[in-house]
Number of protein chains: 2
Amino acid sequence: MPNNQFKKGELYSFITGKASTAIARRLQKKFNAAGLHITIEQWSVLYHLWKQEGISQQELCNATFRDKPSITRLVDNLEKLNLVKRVASDNDRRINLIYLTRQAQKLQEEAMTLAEETLNEALETVPPDKVDVCKEVLQIVYDNLK
Amino acid sequence: MPNNQFKKGELYSFITGKASTAIARRLQKKFNAAGLHITIEQWSVLYHLWKQEGISQQELCNATFRDKPSITRLVDNLEKLNLVKRVASDNDRRINLIYLTRQAQKLQEEAMTLAEETLNEALETVPPDKVDVCKEVLQIVYDNLK
DNA sequence: GGCATATAGTTGTTTATACAACTATCCAAA
DNA sequence: TTTGGATAGTTGTATAAACAACTATATGCC
């Protein structure tokens, strides 16, 4: 039996990702206000490199759910901003390993603080157990569709 | 006290809207497979016009959470596709009222069916009460940030 | 009536996404 | 050892988003 419980307006919000759009906009404003000259998309790449640098562009594709051309161009722009460097792999010359510059390393703490701050603002007044359910549902949605 | 309950990876998914991105991609694939030559963004504009046509571009901005230039260009493209028409308002000559063409009216049923189908696939296996909690949380997030 | 201000929409620019087509390199099987 | 298929990354093209700057029209106040 279909899970057909969406009033029309709610269907719209779910598909268009109204909430995550609002979160991304708020975080971008915080970056701008703090003088961090990076986009949310660039942040999303740096996010994974801060966890582990020296990974390939393909691994960045998998981590960020983007296709290869998107990552090529994000890395292009991050290189222009002097935030990352492409280093050809010794083992496999098809592969670029992506490394952070000193400048990017210095951004990590401030950017991650602003990200956490944004989420806290977003979830203010939401009871923790409801947040848990929401996270769980969104994960299932992703797994159902991927 | 901050609602600081996100492990790093979950923070990332929440901000980047992994689930809604997956939903939008799935719906776009369905449109393509069905030979509906519209984008998700164009659908999101048509969606509101199907509910009520003859509204202004500004009203479309409010309904779709987009800024004015975005709507100008979406309406441009929808006009090129012969799906909508701009009609200058009699009362206020600054305003364009947007009307659907016959062709766009004929798309409604199929497009909306595919949208509902997509959501049902996304929410398959999710208990209805959890979906309700999730909708509620996302609405609060939006209200907290808007 | 005339002017300041607000509102509706457009245009320019930069960044990002998706898809298709492409090059370079690797690997495995004949 | 060659060759065919897979994998990593790039480039071209269309669509879209965000921001700033702009034009045109309306409105309210003197």
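None of the values given here were measured: they were computed from a predicted structure. Residue numbering restarts at 1 for every chain, and letters A, B, ... go by the order of the sequence lines.
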First encountered from the 5' end of DNA chain D, between A:Glu59 and B:Leu74:
A:Glu59
Here's a test of your reading of the structure: between A:Arg25 and A:Lys68, which maps to the more 5' nucleotide of DNA chain D?
A:Lys68
Rounded to whole angstroms, how far apart are [atom1] on [X] and [atom2] on [N]?
{"X": "A:Arg73", "N": "C:dC19", "atom1": "CZ", "atom2": "P", "result": "14 Å"}
{"X": "B:Ile95", "N": "C:dA6", "atom1": "CD1", "atom2": "C1'", "result": "13 Å"}
{"X": "A:Ile71", "N": "C:dT17", "atom1": "CD1", "atom2": "C1'", "result": "11 Å"}
{"X": "A:Glu41", "N": "C:dA16", "atom1": "CD", "atom2": "C1'", "result": "6 Å"}
{"X": "B:Gln58", "N": "C:dA6", "atom1": "CD", "atom2": "C1'", "result": "12 Å"}
{"X": "A:Leu60", "N": "C:dA16", "atom1": "CG", "atom2": "P", "result": "14 Å"}

Taking for each residue the nucleotide of DNA chain C with the nearest heavy atom, is it A:Asn91 or A:Phe65 whose nucleotide lies nearer the 5' end?
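The residue whose closest nucleotide sits nearer the 5' end is A:Phe65.
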Hey, which sits more toward the 5' end of DNA chain C by its nearest nucleotide, A:Lys80 or B:Lys29?
A:Lys80
Within the 4.0 Å heavy-atom criterion, would you say [X] contacts the bases, only the backbone, or no part of the nucleic acid?
{"X": "A:Thr39", "result": "sugar-phosphate"}
{"X": "A:Asp67", "result": "base"}
{"X": "B:Gln42", "result": "sugar-phosphate"}
{"X": "B:Asn77", "result": "sugar-phosphate"}

Between A:Gln105 and A:Leu100, which heavy-atom pair has the shortest distance, and what is it?
NE2-O, 4.0 Å
Kindly determine whether B:Leu27 and B:Leu119 satisfy side chain to side chain contact (heavy atoms under 4.5 Å, CB included), including the steps that lead there.
CA-CA 9 Å; B:Leu27 180 54; B:Leu119 267 190; over 6 Å; no
Looking at A:Val45, A:Thr72, A:Leu97, A:Ile95, which one forms a side chain to side chain contact (heavy atoms under 4.5 Å, CB included) with A:Gln57?
A:Thr72
I'd like to know if B:Arg73 and B:Asp76 make a salt bridge, using a cut-off of under 4.0 Å between side-chain N and carboxylate O.
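Salt bridge between B:Arg73 and B:Asp76, a charged N being under 4.0 Å from a carboxylate O: no.
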Calculate, to the nearest 0.5 Å, the distance between atoms CG and CD1 belonging to B:Leu78 and B:Ile98 respectively.
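If I round to the nearest 0.5 Å, the distance is 9.0 Å.
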From A:Ile38 atom CD1 to A:Leu81 atom CG, the distance as rounded to the nearest 0.5 Å:
9.0 Å
Quick one: how far along DNA chain D does chain B reach, first to last nucleotide 5' to 3', anything under 4.0 Å to a heavy atom?
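With heavy atoms of chain B under 4.0 Å away, the range is D:dT15 to D:dA26.
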May I have the step-by-step check of side-chain hydrogen bond (donor to acceptor under 3.5 Å, both in side chains) for A:Asn120 and A:Glu124, ending in yes or no?
CA-CA 6 Å; A:Asn120 288 335; A:Glu124 235 169 36; over 6 Å; no
Which nucleotide in the list C:dT25, C:dC19, C:dG12 gets nearest to the side chain of A:Arg94?
C:dT25
